[in-house]
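We count residues from 1, following the sequence as given.
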Amino acid sequence: MTMDEASERYKIPLEMLKEYESWDLCGAAKKDMGVWQYDDQDIERLGMMMTLRDIGFNRSEVETYMRLTVEGGRTESIRLAMLDKKREKTLDEIHFKEKQIADMDYLRHEIQKNAKKEKER
């Protein structure tokens with residue numbers, strides 16, 4: 001399948017397909033009359049790239065992770081460490097947002113409490 005076909009069929013951004021090709025991760029992808037041809041393994045890898053982007057990996061992190069994936073099982077601990085680090089960062093962000101919400105709720109409560117006191121006067 002060509003780049004345009006893969007992009008259209010699987011909703012893979014062309015930019016991501018170009019990154020994939022530039023990283024030489026195209027497993028069985030080969031040029032046929034000057035056009036890259038993607039197989040099922042390439043589509044799976046591209047899906048992984050999209051997932052990594054969705055969970056917050058930047059371009060460099062995606063490339064590193066994907067290169068490790070291509071290397072295989074002996075890189076599992078490194079990939080798990082990358083995911084653990086991203087997970088920890090995401091949890092920190094969630095906890096920070098939860099604190100912000102709690103602070104907002106406190107301020108809202110104070111405003112409502114003061115407004116009620118004003119009405120009672």
Side-chain angles (χ1 to χ4, degrees):
M1 147 178 7
T2 67
M3 180 185 289
D4 289 334
E5 291 169 340
S7 178
E8 186 176 322
R9 184 178 300 163
Y10 297 103
K11 308 297 183 225
I12 302 168
L14 286 173
E15 175 186 315
M16 188 169 291
L17 290 163
K18 290 175 185 176
E19 284 176 5
Y20 184 70
E21 287 181 8
S22 74
W23 297 338
D24 290 327
L25 294 175
C26 307
K30 57 189 176 289
K31 283 195 174 183
D32 183 21
M33 297 181 65
V35 179
W36 283 103
Q37 296 294 316
Y38 296 91
D39 65 10
D40 290 341
Q41 184 179 33
D42 295 311
I43 299 303
E44 285 179 31
R45 288 180 182 161
L46 287 157
M48 173 72 71
M49 288 173 64
M50 290 174 59
T51 298
L52 292 169
R53 284 284 176 89
D54 288 346
I55 63 175
F57 277 57
N58 63 34
R59 185 183 192 276
S60 174
E61 292 168 325
V62 171
E63 181 179 5
T64 299
Y65 190 96
M66 293 307 299
R67 288 190 184 285
L68 291 167
T69 299
V70 170
E71 286 182 35
R74 67 181 191 272
T75 66
E76 285 177 348
S77 62
I78 300 168
R79 288 182 283 145
L80 280 171
M82 290 178 75
L83 290 169
D84 288 345
K85 182 178 177 184
K86 189 61 68 178
R87 185 177 189 279
E88 185 176 322
K89 182 181 176 199
T90 301
L91 283 171
D92 288 345
E93 291 169 4
I94 289 169
H95 294 144
F96 177 75
K97 291 294 183 185
E98 287 174 335
K99 184 183 178 322
Q100 284 181 317
I101 290 170
D103 290 346
M104 284 184 248
D105 288 346
Y106 170 77
L107 292 172
R108 292 177 74 241
H109 172 74
E110 289 298 308
I111 291 169
Q112 291 168 346
K113 184 172 78 173
N114 289 336
K116 185 177 177 180
K117 283 182 185 177
E118 288 293 321
K119 284 183 182 179
E120 291 174 355
R121 289 185 192 174

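Taking E110 as the reference, K113 meet the side chain to side chain donor-acceptor pair (under 3.5 Å) condition, with sequence neighbours excluded. When the side chain to side chain donor-acceptor pair (under 3.5 Å) test is applied to T75, the partners found at least two apart in sequence or on another chain are R79. For Q100, the side-chain contact (heavy atoms from CB on, under 4.5 Å) criterion is met by F96, K97, M104, not counting sequence neighbours. With sequence neighbours excluded, the residues satisfying side-chain contact (heavy atoms from CB on, under 4.5 Å) with E88 are D92. Scanning for side chain to side chain donor-acceptor pair (under 3.5 Å) contacts around K99 gives D103, with sequence neighbours left out. Residues passing the salt bridge (charged side-chain N to carboxylate O under 4.0 Å, His left out) test with R74 are E71, sequence neighbours excluded.
With contacts defined as side-chain heavy-atom distances shorter than 4.5 Å, the pair E21/Y38 qualifies. Residues L91 and H95 meet the side-chain proximity criterion, which asks for heavy atoms closer than 4.5 Å. Annotation: side chain of Y65 is not in contact with side chain of I78 (no heavy-atom distance under 4.5 Å).
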Let me have the donor-acceptor pairs involving side chains of residues 46-61, under 3.5 Å, with sequence neighbours excluded, atom names and distances please.
{"unit_1": "T51", "atom_1": "OG1", "unit_2": "G47", "atom_2": "O", "d": "3.1"}
{"unit_1": "R53", "atom_1": "NH2", "unit_2": "E19", "atom_2": "OE1", "d": "2.8"}
{"unit_1": "R53", "atom_1": "NH2", "unit_2": "E19", "atom_2": "OE2", "d": "3.1"}
{"unit_1": "N58", "atom_1": "OD1", "unit_2": "S60", "atom_2": "N", "d": "3.1"}
{"unit_1": "N58", "atom_1": "OD1", "unit_2": "E61", "atom_2": "N", "d": "2.8"}
{"unit_1": "R59", "atom_1": "NE", "unit_2": "E19", "atom_2": "OE2", "d": "3.2"}
{"unit_1": "E61", "atom_1": "OE1", "unit_2": "N58", "atom_2": "N", "d": "2.8"}
{"unit_1": "E61", "atom_1": "OE1", "unit_2": "K86", "atom_2": "NZ", "d": "3.3"}

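Looking only at distances, no side-chain donor or acceptor of T2 sits under 3.5 Å from a matching main-chain atom of Q37. With hydrogens and angles ignored, the 3.5 Å screen pairs no side-chain donor or acceptor of H109 with any backbone N or O of D105.
Grouped by direct or indirect side-chain proximity (heavy atoms under 4.5 Å, Ile/Leu/Val/Met/Phe/Trp/Tyr only), I111 sits alone. Other residues sharing a hydrophobic cluster with Y106 under the 4.5 Å side-chain heavy-atom criterion for ILVMFWY residues are L107.
Contact between S7 and I12 at its shortest, heavy atoms only, is OG-O, 2.7 Å.
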(request) Might you work through the side chain to side chain contact (heavy atoms under 4.5 Å, CB included) test for Y10 and M1, ending with a clear yes or no? (result) CA-CA 11 Å; Y10 297 103; M1 147 178 7; 3.7 Å; yes
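Counting non-hydrogen atoms of neighbouring residues, nucleotides and ligands closer than 6.0 angstrom, the CZ atom of R67 exceeds 12 such neighbours.
Among residue pairs with one or both ends in residues 6-15, none qualify as salt bridge (charged side-chain N to carboxylate O under 4.0 Å, His left out); sequence neighbours excluded.
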